[in-house]
Amino acid sequence: MNLAARTRNLNSMWPVLALLACSLPQAARSAQWLDVLQPFVDRHELAGAVTLVASKDRVLSLEAVGYADVAAQKPMQPDAVFWIASMSKPIAATALMMLVDEGKVRLDDPVETYLPQFKPLIIASTAGGAQVRLQKPRHVITVRNLLSHTSGIPFSSSVEAPTLDLLPLSARVSSYAMQRLMFEPGTDYSYSNAGINTAARIVEVVSGMPYEEYLQRRLFGPLGMTDTTFWPSEGQLARLASSYRANATSTGLLAIRITQLRYPLSDHVRRFAVPAGGLFSTASDLAKFCQIFLNGGTLAGKRYLSEAAIREMSRNQLPHDVASARFGPAEPAGYGLGLFVESSGAFGHSGAYSTNMRIDPRHELITVWLVQHANFPGNGGKSRDAFEEAAQKQFASAAGRPPKK
């Protein structure tokens, strides 16, 4: 190779070399924290994980540990795809709150304002409790009740078996209207996929487009969330982390399928969107979504939510006695609108296969924890806490803020 050619090659490599040079200190710090997680992998208590820490304007760390496929010894990669399950709920709440911001939906409107057929009944007892009868609830179900799990609607309906994705959203929501309410709306808390799915149906009716199209146009496309979908492509499936649970003796890992969804997962004809728990995503995509909340509703110059909407979503919406009973009596945490909230002011959501995202405004930190575990053998369930603690110590102090007490 002549001198001119070598010079051209070196020049073309400078951007890559510069990027590597800038990342070396960060990589060294991240390697120390991965040491916290590696023992869980070595003990076969954790298959693998992708971890992300971000501030409001940049990703501070994106790392992978362990295996995406234990049997094949396939290393976990930072761009691995995960079923995020109920982490879909904050996305559904955000979709609806965008319409609230636009004045097209009001949180305290009855659900039947937007879905006239939605008038479920409640079972009431006679004074002696010997007989029961069906009657109209004293309080109508509001949009707020749907997003805060205070509607009284059961978790799901019989048409959502054996998997949750067998029918169009409109048909599933119609089945919820025939369910008997568990309690008077607004008086108690019961975690409900059906409630969040009903909120997403309101998004469809008010926006005039399918829910998945609304998400793509209003959130995923503008945010650049290119790997977030209900139907992973063949390329995304090649990056899908395998799912696991503890084996029969709880001494190791057993590979499983995602039992709540129908296979093949890429089937766009026989599988339908599940707003409350059907999305697949990556750590990088979820970081972009979370950054909206640390930036007062904006990202990269575009507004997605108002600050008022974020305040409503991230504050406890449950009656104090209910929050105390469900989440603890001392400064109880609770549930906002599509988000679990903590007494510290942090908020976020977890998923059925142990995924989690947490937004901490006090420390201006986002953490994303992606694994695919229905449960864990041994002490594997402590791995996320180990990550969260390491992230707080490492990055809160690095940013000049004290770590969380």
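What you see is a predicted model; the values in this text were computed from it and never measured.
- Using modelled atom types, no side-chain atom of Asp69 and backbone atom of Ser242 make a donor-acceptor pair closer than 3.5 Å.
- The aromatic rings of Phe340 and Phe327 sit perpendicular, their planes meeting at an angle over 60°, well past the 30° parallel limit.
- Thr298 places no side-chain N or O within donor-acceptor distance of the main-chain N or O of Gly301, the cut-off being under 3.5 Å.
- Distance check: Arg201 CZ to Ser170 OG gives 5.0 Å after rounding to the nearest 0.5 Å.
- Taken to the nearest 0.5 Å, the CD1 atom of Ile91 stands 4.5 Å off from the CD1 atom of Ile84.
- Leu146 has its side chain out of reach of Leu96: every pair of non-hydrogen atoms, C-beta onward, lies at least 4.5 Å apart.
- Ion pairing of Arg303 with Asp101 is absent here, as no side-chain N (NZ or NE/NH1/NH2) approaches a carboxylate O to less than 4.0 Å.
- Considering only heavy atoms from C-beta on, Tyr176 stays 4.5 Å or farther from Leu115 through its side chain.
- In this structure, CD1 on Ile196 lies 10.5 Å from CZ on Phe155, to the nearest 0.5 angstrom.
- Across all their heavy atoms, Ser156 and Glu160 have their closest contact at CB-OE1, 3.1 Å.
- Considering every non-hydrogen atom in both Gly278 and Ser88, the closest pair reads N-OG, 3.5 Å.
- At least one side-chain heavy atom of Val81 sits less than 4.5 Å from a side-chain heavy atom of Leu240.
- Ion pairing of Glu45 with Lys382 is absent here, as no side-chain N (NZ or NE/NH1/NH2) approaches a carboxylate O to less than 4.0 Å.
- Once rounded to the nearest 0.5 Å, the distance linking OG of Ser281 with CG of Leu370 reads 7.5 Å.
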Please assess Val41 against Tyr67 for the test side chain to side chain contact (heavy atoms under 4.5 Å, CB included), listing each intermediate value before the final yes or no. CA-CA 8 Å; Val41 177; Tyr67 300 98; 4.2 Å; yes
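- A donor-acceptor contact closer than 3.5 angstrom links the side chains of Thr142 and Asn145.
- Two residues are said to be in side-chain contact when any heavy atoms from C-beta on lie closer than 4.5 Å; Ile258 and Tyr263 meet this criterion.
- The side-chain heavy atoms of Lys89 and Asn193, taken from C-beta on, include a pair separated by under 4.5 Å.
- Two residues are said to be in side-chain contact when any heavy atoms from C-beta on lie closer than 4.5 Å; Leu305 and Met98 meet this criterion.
- Atom CG of Leu99 sits about 11.0 Å away from atom CG of Leu107, to the nearest 0.5 Å.
- Between the Tyr114 side chain and the Val143 main chain, no donor and acceptor come within less than 3.5 Å of each other.
- Inter-residue side-chain proximity for Val274 and Gln260 is flagged as unmet; no heavy-atom pair is nearer than 4.5 Å.
- His44 NE2: 12 or fewer foreign heavy atoms inside a 6.0 Å radius.
- Using a cut-off of 4.0 Å between Lys/Arg side-chain N and Asp/Glu carboxylate O, Asp165 and Arg271 are scored as salt-bridged.
- From Arg358, atom CZ reaches atom CZ of Arg384 across 8.5 Å, with rounding to the nearest 0.5 Å.
- If you check the side chains of Gln179 and Ser157, you find no donor sitting under 3.5 Å from an acceptor.
- With a 6.0 Å radius and a threshold of 12 heavy atoms from other residues, nucleotides or ligands, Arg138 has its CZ atom at or below the threshold.
- Between Thr51 and Trp369 the shortest side-chain heavy-atom distance falls below 4.5 Å.
- Looking only at atom types and distance, the side chain of Asp360 has a donor-acceptor partner in the side chain of Gln392 under 3.5 Å away.
- Under the 30°/60° scheme for interplanar angles, the aromatic rings of Tyr191 and Tyr335 are found to stand perpendicular.
- Side-chain N or O atoms of Gln38 include none that pairs as donor or acceptor with a backbone N or O of Asp35 at under 3.5 Å.
- In this structure, Arg172 contributes its side chain and Leu167 its backbone to a donor-acceptor pair below 3.5 Å.
- Of the possible polar contacts, one joining the His149 side chain to the Ser192 backbone as a donor-acceptor pair under 3.5 Å is found.
- In this structure, Arg217 fails the cation-pi test against Tyr214, since its NZ or CZ atom is not both closer than 6.0 Å to the six-membered ring centre and inside 45 degrees of the ring normal.
- Taking the six-membered ring for Trp and thresholds of 30 and 60 degrees, Phe293 and Phe289 have ring planes more than 60 degrees apart, a perpendicular arrangement.
- Using a distance-only test at 3.5 Å, with no hydrogens or angles considered, no donor-acceptor pair links the side chain of Gln291 to the main chain of Leu299.
- Using a 4.0 Å cut-off between a side-chain N of Lys or Arg and a carboxylate O of Asp or Glu, Glu102 and Arg218 qualify as a salt bridge.
- A donor-acceptor pair under 3.5 Å links the side-chain atoms of Asp285 to the main chain of Asp227, judged by distance alone.
- Smallest separation of non-hydrogen atoms from Asn316 and Ala323: ND2-CB, 3.6 Å.
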